[in-house]
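Below, chains carry the letters A, B, ... as their sequence lines are ordered, and counting in each starts from 1.
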There are 2 protein chains.
Amino acid sequence: MESRRATIKDVAEAAGVGVATVSRVLSGGSASPRTRERVLAVAAQLDYRPSALGRNLRQRRTGGMGLLVPDLTDTFYGQLAEGVLACARSAGEPVVLGSTGDDPEQEAELIGMLLEQSVDRVIAVPSGGADTWGPALKAGMTIVFADRLPAEPAPDTSPARNDPADDPTGDMPERAAVADLMALDGVPLPEGRTGSGGRTASGGRTASGGAREGAARTRPLDVPAVLADDRTGIRTAVRYLRGLGHRRIAFLGGPGHGRRVAAFREAVGAPVDEELVVFATGSRDSAYAAASGLFQSRPDLTAVVTGGNVLGEAAVLAARELDLRVPRDVSLVMYDDVPWAELCSPPLTVIAQPGRDIGYRAAELVLRAGTRRPRSVVLPTELIVRGSCGPRY
Amino acid sequence: MESRRATIKDVAEAAGVGVATVSRVLSGGSASPRTRERVLAVAAQLDYRPSALGRNLRQRRTGGMGLLVPDLTDTFYGQLAEGVLACARSAGEPVVLGSTGDDPEQEAELIGMLLEQSVDRVIAVPSGGADTWGPALKAGMTIVFADRLPAEPAPDTSPARNDPADDPTGDMPERAAVADLMALDGVPLPEGRTGSGGRTASGGRTASGGAREGAARTRPLDVPAVLADDRTGIRTAVRYLRGLGHRRIAFLGGPGHGRRVAAFREAVGAPVDEELVVFATGSRDSAYAAASGLFQSRPDLTAVVTGGNVLGEAAVLAARELDLRVPRDVSLVMYDDVPWAELCSPPLTVIAQPGRDIGYRAAELVLRAGTRRPRSVVLPTELIVRGSCGPRY
DNA sequence: AACCATGATGGAATCGTTTCCATGGAATCG
DNA sequence: CGATTCCATGGAAACGATTCCATCATGGTT
């Protein structure tokens, strides 16, 4: 009863053929119909399942893919993960999961673990930058980023003031054709203002970069990505708020929202009121603190756009705590459409991005890699107007 | 630059020792301090990382653990997964993830995948019953159930009426001592009323069970589990609602809520109004339909307890759609404390269960297995009173 | 009729690790 | 001082698959 699983050798003996033949039959090689049939029958009868262990060792790679997300408690990443799993399941591939907590160090550790497991395909919502992902790339991993691109380390020149006007990413048609990644990630995240700390290693490591450093900075990683069209989403939201009469619109961002804040800056136009652009770390506490601080320091703001659903949650909570009515006192647009957005009262107006699709497409890309050089994908966002925005009074 | 990873053989040669010695040094065997030091130095210098592939093949088992949950879009399972990942990370073990969609067939498929990968430790929120998990057990897997126990197939006798009175699970002290599992899962899920279908294989397979079938039915699986104290949680909620004057209290359940509905029946007492006990499948649509149907068919009910947060969400939505005010027209208690429970207005009164802890403990159990026969764990629940319950008018 | 091409087949090497076993030297004990 | 023990050590055999390569049979061509 407790017999161990049948091996290919067992099948070969039982079928009276060599192991090579069995292997060929099972993996679609050439074999005479007679033998094929017999082998198949014996294999079925013995309930033989090829061990992934032997195969993986021989081909020096584990099948399947790794999936690295910041936090599964965030509904959006849950959706994304479901998408990845759906694709992986239909391909019959296993998925190794890791949660980084938006911490580059944990992320690096998880990458190390995947390397050890010889998992050479990874889908990641990256937290670290080139420091973290360079080694993975060099180790030959096939990587697809989802939902974000790695934050680029801030240039060493005056990180406090990144004048968005000097970024010529106007309508970026040709740059997109040449280098889709860089065009999409036009403006680096203004590290100076964020509290997203913990990237202690970056300063020290880059010292060894040498002459190529400038170029590496400009285009650190050449990795395909599946992203939502943040720029259009944010722009649509800002225009919508503008149309309602709002002029002092704040942005509440978190780690990984670099492209969104850039889009926000672009959408609101030249003189950006920097006090209205606030960042939190990944935690719910930090999000709440940031939201609360924002409302208190700038009671004159009339609308807020949040870069993710955890921030949106925090904004609702903070507003309630400070007796700000939504949308009467403050209008709110949240990034991410999550089921509970409709439960709030008023229901939250959101910028919906297709989390599940993002995951699915990313998984497709990472599986197809090798067949065809995967190119980045940008999926549309949609402004879903519910009840959390009103005219400015 | 593109050199492949160093193997143990490379280290052995570079250090001038045999591979066996390297292996011993690296896995804590005996070695002279001199050699140990040298090997360690060489290994570090070569950036050697033992390949899990070779090790796994040799020991005929993959490290790490599988994790099977119904749906990562459900915040509670997100919390649970985070707990598992936290424990796995601290043990340096990989986690292979699968999402079952509450479908026994998909679950069985995923188990097959894990078997193929030689992942012999699994944490699961089970959807299928003994049909699904028996094979896994027989294959020698170490299994720990989390959050639920497998549904037992309904006895072949009149599945429509399961008189709860004939279940003697009164206060179950001694039964718990003998068989914690069965005591906890006193009353089978009333399959007749649910729409959780899809267990097509069960009828066919069990035909081969033979004489032992009756016994197998009574105690199908001997697997440790980490559960929340559903019984106390539900009882507390029902008593709380009773104290507010509610008499017609409904229960809205989903797949896997067998123990909760049993506790509900027990808590409301002998003549259970069966129309007030309604089940949905796992999907949000089905949950909404069930909630809406319940409110419409029984407008006289004054309170609802939902067996999970997706059902709670559905109840809020359905109530709003039908112009039922919470808590004025209907009081609501939701199982699961999720961040957005506080966002609703009024904020939802919930039965909190420690999702993260459940996952963490389950992972601990599954890792410790072999050392010590793991026993089941029951974690406390807590009624968190917010604003969704009011006195009956 | 001899020869060559083709296709099916099995033996054996290989992947990177752990672990069994034999060997040799040093140390301890009688 | 001899014998016994003990420990460090390296060679080699697994683990279960894939895949290269040689072999053999067959059928068609010259």
Side-chain angles (χ1 to χ4, degrees), chain A residues 3-40 42-43 46-64 92 94 114-120 139-140, chain B residues 3-40 42-43 46-64 92 94 113 115-120 139-140:
Chain A
S3 64
R4 75 186 201 299
R5 266 167 58 187
T7 74
I8 199 176
K9 210 171 152 193
D10 300 326
V11 177
E13 277 173 20
V17 298
V19 289
T21 305
V22 176
S23 175
R24 263 182 304 244
V25 167
L26 260 29
S27 44
S30 71
S32 77
R34 253 176 44 88
T35 349
R36 151 164 282 114
E37 196 183 349
R38 189 151 36 104
V39 168
L40 252 25
V42 169
L46 258 51
D47 193 30
Y48 167 71
R49 312 193 51 155
S51 154
L53 257 36
R55 173 181 329 131
N56 292 345
L57 177 58
R58 173 62 218 241
Q59 353 206 85
R60 314 164 94 182
R61 49 177 292 263
T62 301
L114 292 176
L115 242 23
E116 188 156 325
Q117 302 291 326
S118 302
V119 174
D120 60 355
Chain B
S3 64
R4 73 187 202 301
R5 266 167 56 187
T7 75
I8 199 175
K9 210 171 152 192
D10 300 327
V11 177
E13 276 172 20
V17 298
V19 289
T21 304
V22 177
S23 175
R24 264 182 304 243
V25 166
L26 260 28
S27 44
S30 69
S32 79
R34 250 175 48 85
T35 11
R36 149 164 283 116
E37 196 183 348
R38 189 150 37 104
V39 167
L40 252 25
V42 170
L46 257 51
D47 192 31
Y48 168 71
R49 312 192 51 154
S51 154
L53 257 36
R55 175 180 330 136
N56 291 345
L57 176 57
R58 173 63 220 240
Q59 353 206 88
R60 314 164 90 179
R61 49 177 293 263
T62 300
M113 186 264 284
L115 243 24
E116 189 158 322
Q117 302 290 327
S118 301
V119 174
D120 60 355

>> Give me the atom names and distance for the closest heavy-atom approach of A/S51 to A/R5.
In response: CA-NH2, 3.6 Å

> How many Å lie between CG on A/L26 and P on D/dT19, as a whole number?
Replying inline: 13 Å

>> Distance check needed: C/dT17 C1' versus B/R49 CZ, whole Å only.
In response: 16 Å

> In whole angstroms, how far is the C1' atom of D/dG16 from the CD atom of B/E116?
Replying inline: 13 Å

>> Expressed as a whole number of angstroms, how long is the span from A/Q117:CD to C/dC15:P?
In response: 21 Å

>> Of the options D/dT19, D/dG16, C/dG16, whose atoms approach the side-chain atoms of A/R60 most closely?
In response: C/dG16

>> With rounding to the nearest 0.5 angstrom, report the CD to CG distance, B/Q59 to B/N56.
In response: 7.0 Å

> Given D/dT18, is OP1 or OP2 found less than 4.0 Å from the side-chain N or O atoms of A/S23?
Replying inline: yes

> What does A/S51 touch in the nucleic acid at a heavy-atom separation under 4.0 angstrom: a base, only the sugar-phosphate, or nothing?
Replying inline: sugar-phosphate

>> How close do B/P50 and B/R55 get, counting heavy atoms only, and between which atoms?
In response: CB-NH2, 3.4 Å

Quick one: which protein N/O atoms are closer than 3.5 Å to N/O atoms of nucleotides 10-13 of chain D? Pair and distance per line, please.
residue: D/dG10; atom: OP2; partner: B/G18; partner atom: N; Å: 2.9
residue: D/dG10; atom: OP2; partner: B/T21; partner atom: OG1; Å: 2.5
residue: D/dG10; atom: O5'; partner: B/G18; partner atom: N; Å: 3.4
residue: D/dG10; atom: N7; partner: B/R24; partner atom: NH2; Å: 2.9
residue: D/dG10; atom: O6; partner: B/R24; partner atom: NH1; Å: 3.1

> Does B/Q59 make a side-chain N or O approach to OP1 or OP2 of D/dA14 shorter than 4.0 Å?
Replying inline: no

>> Side chain of B/T7 only, heavy atoms from C-beta on: which candidate in C/dT19, C/dG16, D/dT9 is closest?
In response: C/dG16

For nucleotides 4-7 of chain C, give me every protein contact, N/O to N/O, under 3.5 Å, one pair per line with atom names.
none

> Does B/A14 have any side chain to side chain contact (heavy atoms under 4.5 Å, CB included) partners at least two apart in sequence or in another chain, and if so, which?
Replying inline: B/V42, B/L46

> Rounded to the nearest Å, what distance is computed from the CD atom of residue B/E13 to the P atom of nucleotide C/dT17?
Replying inline: 13 Å

> For DNA chain D, whose closest nucleotide is more 5', that of B/R34 or that of B/G54?
Replying inline: B/R34

> Between A/E37 (CD) and C/dA8 (C1'), how many Å, whole number?
Replying inline: 16 Å

>> Minimum heavy-atom separation for A/L53 and B/T62, please, with both atom names.
In response: CD1-OG1, 3.2 Å

> Starting at NZ of A/K9 and ending at P of D/dG16, how long is that distance when rounded to a whole Å?
Replying inline: 9 Å

>> Using a 3.5 Å distance criterion without hydrogens, assess whether the side chain of B/R49 forms a donor-acceptor pair with backbone atoms of A/E116.
In response: no

> Tell me: CZ of B/R55 to C1' of C/dT18, nearest whole Å?
Replying inline: 9 Å

> Which residues pass the side chain to side chain contact (heavy atoms under 4.5 Å, CB included) test with A/T7, sequence neighbours left out?
Replying inline: A/R4, A/K9, A/D10

>> Based on the rotation axes of five pairs at each end, what angle does the helix from C/dA1-D/dT30 to C/dG30-D/dC1 bend through, to 10°?
In response: 50°

> Which is true for B/L53 with a 4.0 Å heavy-atom rule: it touches a base, it touches only sugar-phosphate, or it touches nothing?
Replying inline: nothing

Would you mind writing out the side-chain donor-acceptor pairs for residues 19-26 of chain A within the sub-3.5 Å range, not counting sequence neighbours?
none

> What's the shortest heavy-atom distance between B/P94 and A/Q117, and which atoms?
Replying inline: CG-NE2, 3.5 Å

